[in-house]
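Here's the structure, in C-alpha cells; my notes come after.
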Amino acid sequence: MSENLDDKLRAALRPVNPDEGFANDVLARIDANEQHTRKKLTLPRRRFRWEIPVALAASVAMTIVVGLERRQQQEQGLRARQQLIEALQVTSSKLNLVHDIVEERSRAEDARENGA
Amino acid sequence: MDEQLARARMGDRAAFAHLVRAHQRSVYSLALRMLCDQEAARDLAQDVFLQLHFKLMHIESSAHLSFWLRKVVSHRAIDRLREKPPVDLATPEEIDVLSGAIEASGDEEDPLFQRELRRLIQEMPPAPRAVMLLRYQEDLDPIDIARTLDMPINTVKSHLKRGLATLRSRLQAPLSTPYGAR
C-alpha cells in the first residue's frame with residue numbers, strides 16, 4: 001500500500017505546463033523592467049533645493065548685520081566715553097582756572113592787609 | 001544546460017529563454033499546487049524567473065539553478081499563503097482543467113483517485129503541503145527537502161509521515177477527520 005500510494009502520488013503530482021506564452025511573458029517583463037530602470041537613470045536630477053542656500057545666506061546676512069550693529073554700538077559707546085572725558089577735562093580746566101583766580105585774589109588781599 | 005546557463009549569465013537572451021522553458025513546468029506546478037489559483041501561480045512563477053534574471057551571476061551550476069528555483073518558489077508560496085490565505089480555493093477539477101493536467105496525464109489509470117489525492121494535498125497547511133510536493137512532484141529526498149525549505153530534517157520526516165498517514169486515512173474514509181486531526 002505504501003509503495004502503491006507513493007506511485008499514485010507521483011502520478012497525481014506530475015508537473016504540468018503553464019500556457020504557451022509563459023516564457024515570452026517572462027522576457028517581456030524583463031524588458032519592461034530594464035526600460036523602467038533606464039528611465040529612472042536618465043530622468044533629470046531632483047529639483048535643486050533652493051531652501052538650503054537661501055537659509056545659509058540669510059544666516060550669514062544676519063550674522064553680518066548683528067556684527068555691524070554691535071560695532072556701531074561699541075563705537076557709540078567709545079564716542080560717549082570720549083565726550084565724557086573731554087567734558088571732564090573741560091570742567092577740570094575750568095575748575096583749575098577758578099582755583100587760580102581765587103588764589104590770586106586771596107594773595108592780593110593778604111598783601112593789602114599786610115601793607116596797611 | 002550548463003552551457004546555456006553560462007551564456008545566460010553573459011546576457012544571452014535566447015539562452016535565458018531556454019532556461020525558462022526548461023524549468024517553467026516545475027516552477028509553475030509548484031506554484032499552482034501551493035497557491036491553488038492559476039493566476040496567482042502564473043504571477044508567482046513569472047516573479048521567480050524575473051528574480052532569477054537578476055541573480056544569474058550567483059547561480060553556479062545547473063544543479064544549483066534547480067535548487068534555487070525550487071527554494072524561491074516554495075518559500076514565496078508559503079509566505080504568500082501565510083500572509084493571505086486563499087478565500088476561494090479552486091477545486092481540483094478547475095485546477096486540472098485550467099492547468100491542462102488532464103491533457104498532461106492522459107494515461108492516468110484512475111483520474112478520479114488522482115484528483116482526490118490532489119484535493120487532499122491542497123487541504124494541507126502550507127509547510128506540509130510544500131514537503132509533499134517536493135517529495136512527490138519534484139522527487140527530492142528528505143535531506144534535499146530540508147535544505148530547500150530551511151527546515152530540520154526531522155520536521156520534514158514528520159510532515160511526510162503525517163501527510164501519508166492522513167492521506168491513507170482520508171482515502172479510506174473520505175468523510176472522516178480533517179487533516180491533522182487524530
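Keep in mind it's a predicted model, so treat the numbers as computed, not measured. Each chain gets a letter, A, B and so on, in the order the sequences are listed, and its residues count up from 1.
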Is B:R118 reaching over with its side chain to a backbone N or O of A:L13, donor-acceptor style, under 3.5 angstrom? no
Report yes or no: does B:R25 contribute a side-chain atom to a donor-acceptor pair with the main-chain N or O of A:P18 at less than 3.5 Å? no
Hey, quick one: are [X] and [Y] part of the same hydrophobic cluster, counting side-chain heavy atoms closer than 4.5 Å, chains of contacts allowed?
{"X": "A:L88", "Y": "A:L97", "answer": "no"}
{"X": "B:L52", "Y": "B:F67", "answer": "no"}
{"X": "B:L19", "Y": "B:F54", "answer": "yes"}
{"X": "B:L149", "Y": "B:I153", "answer": "no"}

Report yes if some heavy atom in the side chain of A:V16 is under 4.5 Å from a heavy atom in the side chain of B:Y28; otherwise report no. yes
Do B:F16 and A:I30 have side chains that get closer than 4.5 Å, going by heavy atoms? yes
Under 4.5 Å from a heavy atom of chain A, the part of B:A45 involved: both
In terms of heavy-atom proximity below 4.5 Å to chain A, should B:L30 be classed as side chain, backbone, both, or neither? neither
Evaluate A:K8 against B:E116 for side-chain contact (heavy atoms from CB on, under 4.5 Å), listing each step before the verdict. CA-CA 11 Å; A:K8 296 258 185 219; B:E116 180 63 10; over 6 Å; no
Within 6.0 Å of [atom1] in [X], more than 12 heavy atoms from elsewhere:
{"X": "B:I143", "atom1": "CD1", "answer": "no"}
{"X": "A:Q76", "atom1": "CD", "answer": "yes"}
{"X": "A:E86", "atom1": "CD", "answer": "yes"}

What is the minimum heavy-atom distance between A:A11 and B:Q114, and which atoms define it? CB-NE2, 3.2 Å
Sequence-distant partners of B:Y136, ring pair (Phe, Tyr, Trp, His ring centres under 6.0 Å), two or more places apart: none
Using a cut-off of under 4.5 Å for heavy-atom pairs, which of B:R13, B:R135, B:M132, B:R21 has the most such pairs with chain A? B:R13
Check ion pair B:D139-A:R14 (N to O, under 4.0 angstrom): no
Only heavy atoms, only distances under 4.5 angstrom. Which residues in residues 21-28 of chain A are near chain B? A:G21, A:F22, A:A23, A:N24, A:D25, A:V26, A:L27
I'd like to check the salt bridge (Lys or Arg N to Asp or Glu O under 4.0 Å) partners of A:E75; sequence neighbours left out, ordered by chain and number. A:R71
Who passes salt bridge (Lys or Arg N to Asp or Glu O under 4.0 Å) against B:R76, sequence neighbours left out? B:D47
Are A:D19 and B:Q24 close enough, and set up right, to give a side-chain contact (heavy atoms from CB on, under 4.5 Å), and what steps lead you there? CA-CA 10 Å; A:D19 56 274; B:Q24 64 183 22; over 6 Å; no
